[in-house]
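First the structure, in the form of structure tokens, and then the observations on it.
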Amino acid sequence: MKVRASLRSLKNKPGAKVVRRRGKTYVINRQNPRWKARQG
């Protein structure tokens, strides 16, 4: 999982889902798990 300042490029990928958990924003991608990322 990458920690990124901006998730905009990752949330536009196919299959991406933006999830908020415990005050942090995550991008989860089932199609390509390489694109998991966290912000905050």
Side-chain angles (χ1 to χ4, degrees):
M1 179 170 304
K2 296 178 186 132
V3 178
R4 308 265 310 227
S6 173
L7 299 176
R8 186 176 295 160
S9 58
L10 287 169
K11 76 178 185 193
N12 294 329
K13 306 259 192 210
K17 212 188 243 181
V18 179
V19 182
R20 305 189 83 172
R21 291 180 190 156
R22 295 184 221 98
K24 293 179 174 59
T25 309
Y26 294 88
V27 171
I28 301 165
N29 200 319
R30 284 242 172 101
Q31 290 181 15
N32 194 339
R34 260 187 346 179
W35 289 331
K36 281 199 301 192
R38 163 171 90 73
Q39 182 178 33

Worksheet item: For Lys24, what residues pass the side chain to side chain contact (heavy atoms under 4.5 Å, CB included) criterion, not counting sequence neighbours?
Response: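 Here the qualifying residues are Tyr26, Arg38.
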Worksheet item: When clusters are formed by joining ILVMFWY residues with side-chain heavy atoms under 4.5 Å apart, either directly or through shared neighbours, do Trp35 and Val18 land in the same one?
Response: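 Same hydrophobic cluster.
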Worksheet item: When rounded to the nearest 0.5 angstrom, what distance separates NZ in Lys36 from NZ in Lys17?
Response: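 Spacing of NZ (Lys36) from NZ (Lys17) equals 13.5 Å.
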Enumerate donor-acceptor pairs with a distance under 3.5 Å from any side-chain N or O in residues 6-16 to protein atoms, sequence neighbours excluded.
| unit_1 | atom_1 | unit_2 | atom_2 | d |
| --- | --- | --- | --- | --- |
| Ser6 | OG | Arg8 | N | 3.4 |
| Ser9 | OG | Arg4 | NH2 | 3.2 |
| Asn12 | ND2 | Arg8 | O | 3.1 |

